[in-house]
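To start, the structure under review is shown below, and the notes come after it.
It should be emphasised that the depicted structure is a prediction, and the values quoted were computed from it without experimental measurement.
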Amino acid sequence: MKIKLVSFIVLCAFLLVPTIASAAVTNGNVGYGLTPGRLWASLDAVAGLISAVIGGLSLARSAGRFGTGSGRRGAIAAAVTGLIVILYALLHLILFTGDFGSGAGRAGVIIAIVVGLAGMVLAGFTLARPSRTS
């Protein structure tokens, strides 16, 4: 169980690498450092990562990997967090109109949307799983 959880967290962390790599791409309009757009996108990506982790843990709990609960509360928390992340990321895309590499945080927001969707999908798997009768 611990190996699966650690590998899941490592996989989610690797999803943030393209965000960092995209900051190095320049299009003549270079934005170095931590800009407000990148900070907002980073916070959004971390919230999406939290959603995905909660969704994964609730799915593992519903499968009986650990704990005795159904994982339903965790799934609901993951789904709500994922939805908030997606709405927050869409608001970011509307407010920050810069291009990739300009410091607007577009790549980070796209990753946040993907991670938030992953959290919502994992929550959906948990909620769709039939409850155990023990």
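Closest of all the heavy-atom pairs between Ser62 and Leu59 is OG-O, 2.8 Å. Closest of all the heavy-atom pairs between Ser58 and Gly74 is CB-C, 3.8 Å. Gly105 approaches Ala41 most closely through the heavy-atom pair O-CB, 3.3 Å. Scanning all heavy atoms of the two residues, the minimum distance from Gly119 to Ala78 falls at O-CB, 4.1 Å. Nearest heavy-atom pair, Ile86 versus Gly116, reported as atom, atom and distance to 0.1 Å: CD1-C, 4.2 Å.
Under a hydrophobic-cluster definition in which Ile, Leu, Val, Met, Phe, Trp and Tyr are linked whenever side-chain heavy atoms come within less than 4.5 Å, directly or via other members, Val80 and Leu117 are assigned to different clusters. Side-chain heavy atoms closer than 4.5 Å link hydrophobic residues (I, L, V, M, F, W, Y) into clusters, and following such links, possibly through other members, connects Leu83 to Leu90. Note: the hydrophobic cluster containing Leu43 does not contain Phe96 (ILVMFWY, side chain heavy atoms under 4.5 Å, direct or indirect links).
Between Leu122 and Ile54 there is no side-chain heavy-atom pair separated by less than 4.5 Å. At least one side-chain heavy atom of Arg106 sits under 4.5 Å from a side-chain heavy atom of Leu93. No side-chain heavy atom of Met120 sits under 4.5 Å from any side-chain heavy atom of Val85.
Here the side chain of Asp44 pairs a donor or acceptor atom with the backbone of Ala89 at under 3.5 angstrom. Side-chain N or O atoms of Ser51 include none that pairs as donor or acceptor with a backbone N or O of Ala47 at under 3.5 Å.
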Step-by-step side chain to side chain contact (heavy atoms under 4.5 Å, CB included) determination, Leu91 to Leu87
CA-CA 6 Å; Leu91 179 66; Leu87 293 176; over 6 Å; no

Evaluate the side chain to side chain contact (heavy atoms under 4.5 Å, CB included) criterion for residues Leu127 and Arg72: first the C-alpha distance (whole Å), next the side-chain angles of each, then the deciding distance (0.1 Å), finally the verdict.
CA-CA 6 Å; Leu127 294 175; Arg72 188 170 180 82; 3.6 Å; yes

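Taking the six-membered ring where tryptophan is involved, the planes of Tyr88 and Trp40 are tilted, since the angle between them lies from 30° to 60°.
Here the straight-line distance linking atom CZ of Arg61 with atom CZ of Arg73 works out to 8.0 Å at 0.5 Å rounding. For the atom pair OG1 of Thr126 and CD1 of Ile76, the computed distance is 10.5 Å after rounding to the nearest 0.5 Å.
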